[in-house]
Structure formats: C-alpha cells, structure tokens
Amino acid sequence: MVREVKVKFVLNKLKSHDDWFLVDYTVNPFMGCALNCTYCYIHGSVYGGEETSVLQVKTNAPEVLYKQLKNRARKGEYGFIGLGSSTDPYPPIEEELGITRELLKIIYRFKFPVNVNTKSALILRDVELLKKIDEKAVLPKRFQGKLDHGMIVSFSFSTVDPVLADIFEPGASTVEERFGAMKKFSDEGFLVGANLMPVLPFLSDSEKHLDEAIGKIKEYGADFVLVAGLTLFGDKPNDCKVRYYKILEEYFPEVLEKTKRMFKDSFAPPRDYQAALHKRSERICRKYDIKSKII
C-alpha cells in the first residue's frame, strides 16, 4: 500500500556527528519501507512511526529539501547526508516516481556529500549523477587529509546466502544483483562498501558465514565493511521481534528458543555476544585486508 504525504522537513540534523557512517544529516524520501525485511527496526522502534506497513511517499520532499539545503549551504554548514537511514531510498516505486533522483539533483546543486545506503540495484540508474556529487561535494574540514570522496555508496546485507536472503529480505534485490551493483560502483572509482548488518544470530553470524560474506564483499570491490548484530523491537503483530520469531518458527525452529533466550526482554543481544561478534569480524577483515570502518 502506498500513500502520498506532505512534510514540513526532510533534512534532519543529528544531535552529534555519526563517526560510524560519517553523517551529520539524514534524508528519507519515504516513510515505511517496501522491501519488507523481517528484522527491520522501523517495525516496533521509535524510528518507525505508526504505519510502517504503508509506504508513505513524501511528494513535496524535493521543494522542502531545496529550501533547507539552500539555508545550510548559505551558512556553510556542510556535512555528509545519510540517504536511507530508516527506509531504503530505492524501493521499486522509485523507478516510476524518481523522488530520490530529484533529491540527489538538489544535493548536487548545493554540493553536499552523501552516504547512500541501499539493498537495491536500482541505484545503478543514478551512477552518473552520483559521480557528479562525488566530484563536487564540499567536505567538512574534519575530513581533510582523511577522505577524498564526496560520495559513499553502501550496500546492505544480513547474509550472502541467497536462500536466507530470500526469506528475511523478500523485497530486496538479490544478493547477486547487489554484488553486481557493488562491482560496477567499484569499477567506476567510487568509495564503496558493505553494511553487513544485522547479521542473524545462529544463522549468519558464525565464523564460516562471516568469512564467506566478508571474502565476497572484498572480491566484489568493497573498500570497507561495517558489521553489527541484530536488534528486535516490540510485541505487536507487525513489530519486528514478533515477525522475526514467526519466521524462525516456520523456517528455523531449531534456533527459535536459543534466540529468545538471547534477547529475553531486551531489544539487543548481550554485550558479550556483541563483543565476540566484533572480535570475530575484525579478525576476518584483517584476513582479507579490508577496512572495518570507512576511514
């Protein structure tokens, strides 16, 4: 289901600079997400809103962004814009509507750098526009000598196993399509990477799975890979914790109780699990000589 909405703001300033994704601002052309990933945190968390099952199109987003960016540029308040922080900027309907593309044109006009995060190969449509942003963006002073790109292209995966991906990410481009798009951007000279997040406990977080995933990410030209664990929110039927457990019950009943014991009443796994995951992924990144952070 798709609904058109009007918004007063589309550019959101973060309270503090995000050192992981390097962003100061976020822009989301849509509310809700058409990719329908089972584990998505917008279902049940404070980031999702009331109707996450409905894809809401911010029809006036381009004109609103124009005004906001014009004001920021006039003040010299340049910073990376995170495009796709709470909804994928390239849902299937984007091919028809082109709202994300219009936003990118405005971002290019005002020379802001961007970190775009997607699970969709539709981003290939905008290679030339993204290349212009990469070349013309004004970087904040803190990146001088550390970064020479105004565009970061990030592809998201929870797994590189096509069977698992089909189950948990039914609306996303296939793993193969995402890798193909990643290779194209790498060959075009972009700073490109993978957000391997969230890895799925007992399904895609093992040494074997991570080794395969990071090895392939390196093979297809990524400069970096960011790894993070699963979060699960809510107790309503459409909340991600309920949705995720239902999928486990149907497809992977052998890990359902282990997963429930891991999360208990929390939205995140225990700290010792997260620490072990970090250590494991860092070791594998060193093995494949790929960065575990953007800079």
Side-chain angles (χ1 to χ4, degrees), residues 9-30 58 61-90 94 98-120 122-156 181-182 184-195 197 221-226 228 290-295:
F9 306 97
V10 70
L11 179 75
N12 303 294
K13 180 75 167 68
L14 301 184
K15 292 181 180 179
S16 60
H17 171 71
D18 187 325
D19 291 325
W20 213 16
F21 297 104
L22 308 186
V23 301
D24 292 289
Y25 304 95
T26 61
V27 168
N28 289 289
F30 310 93
K58 301 177 184 179
E63 62 190 78
V64 173
L65 182 64
Y66 181 92
K67 293 176 182 178
Q68 288 188 274
L69 280 189
K70 183 178 181 180
N71 183 51
R72 295 284 180 177
R74 180 176 56 83
K75 297 177 181 178
E77 296 176 348
Y78 288 96
F80 268 90
I81 295 173
L83 186 61
S85 60
S86 64
T87 180
D88 198 293
Y90 288 97
E94 166 61 19
I99 287 183
T100 294
R101 183 170 177 82
E102 290 304 310
L103 296 179
L104 288 169
K105 289 178 181 178
I106 294 165
I107 291 170
Y108 168 62
R109 176 168 181 165
F110 291 107
K111 301 181 180 180
F112 275 73
V114 180
N115 183 343
V116 60
N117 177 32
T118 186
K119 285 188 175 83
S120 174
L122 180 56
I123 190 176
L124 288 169
R125 178 199 65 186
D126 294 331
V127 168
E128 293 306 316
L129 176 55
L130 297 178
K131 189 177 294 185
K132 291 179 180 179
I133 295 174
D134 194 26
E135 295 169 350
K136 298 297 184 181
V138 177
L139 295 178
K141 290 182 179 179
R142 65 177 175 274
F143 293 125
Q144 290 182 0
K146 298 180 181 179
L147 188 64
D148 57 2
H149 285 274
M151 169 60 63
I152 303 168
V153 181
S154 304
F155 291 92
S156 286
M182 177 185 290
K184 171 65 174 177
F185 277 96
S186 177
D187 290 345
E188 290 287 338
F190 284 86
L191 175 59
V192 61
N195 296 328
M197 56 178 75
D223 299 290
F224 65 87
V225 56
L226 308 180
I290 186 171
K291 292 190 294 185
S292 59
K293 55 185 180 180
I294 300 174
I295 57 174

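Going from atom OH of Y25 over to atom CD of E77 covers 5.0 Å, rounded to the nearest 0.5 Å. Atom CZ of F185 and atom CD1 of I123 lie 4.0 Å apart (nearest 0.5 Å). L83 contributes atom CG, which lies 9.0 Å from atom CG of D88 (distance to the nearest 0.5 angstrom). With rounding to the nearest 0.5 angstrom, the CG atom of L129 is 11.5 Å from the CG atom of D134. Taken from CG in L139 to CD in Q144, the straight-line distance is 8.0 Å, to the nearest 0.5 Å. Taking OH from Y90 and CZ from R125, the interatomic distance works out to 5.5 Å, rounded to the nearest 0.5 Å.
The neighbour count for K13 NZ, taken as heavy atoms of other residues, nucleotides or ligands under 6.0 Å away, is above 12. The number of heavy atoms from other shown groups lying within 6.0 Å of NZ (K132) does not exceed 12.
Screening V116, L69, L130, L11 against I107 for a side-chain contact (heavy atoms from CB on, under 4.5 Å) leaves a single residue, L69.
Aromatic rings of Y78 and F110 (six-membered ring for Trp) have centroids beyond the 6.0 Å cut-off, not under it.
In this structure, the side chains of T26 and F21 stay at 4.5 Å or more apart for every pair of heavy atoms. V192 has its side chain within reach of F155: a pair of non-hydrogen atoms, C-beta onward, lies under 4.5 Å apart. By the 4.5 Å heavy-atom criterion applied to side chains, I294 and N115 are counted as neighbours.
Between L103 and L65, the closest heavy-atom pair is CD2-CD2, 3.6 Å. Between G150 and I133, the closest heavy-atom pair is O-CG2, 4.0 Å. Nearest heavy-atom pair across F224 and K293 is CB-O, 3.5 Å. Nearest heavy-atom pair, F80 versus H149, reported as atom, atom and distance to 0.1 Å: CZ-O, 3.6 Å. Here the shortest heavy-atom pairing between V138 and P113 reads O-CD, 3.3 Å. Here the shortest heavy-atom pairing between E94 and P89 reads CG-O, 3.9 Å.
Although no hydrogens or angles enter the test, the distance criterion places no donor-acceptor pair under 3.5 Å between the side chain of Q68 and the main chain of F9.
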Assess whether side chain to side chain contact (heavy atoms under 4.5 Å, CB included) is satisfied between L22 and L147, documenting all intermediate values.
CA-CA 11 Å; L22 308 186; L147 188 64; 4.2 Å; yes
If you apply the rule salt bridge (Lys or Arg N to Asp or Glu O under 4.0 Å), what do you find for D24 with R142, and how did you get there?
CA-CA 12 Å; D24 292 289; R142 65 177 175 274; 2.3 Å; yes
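Neither side chain, N117 nor S85, offers a donor N or O lying under 3.5 Å from an acceptor on the other.
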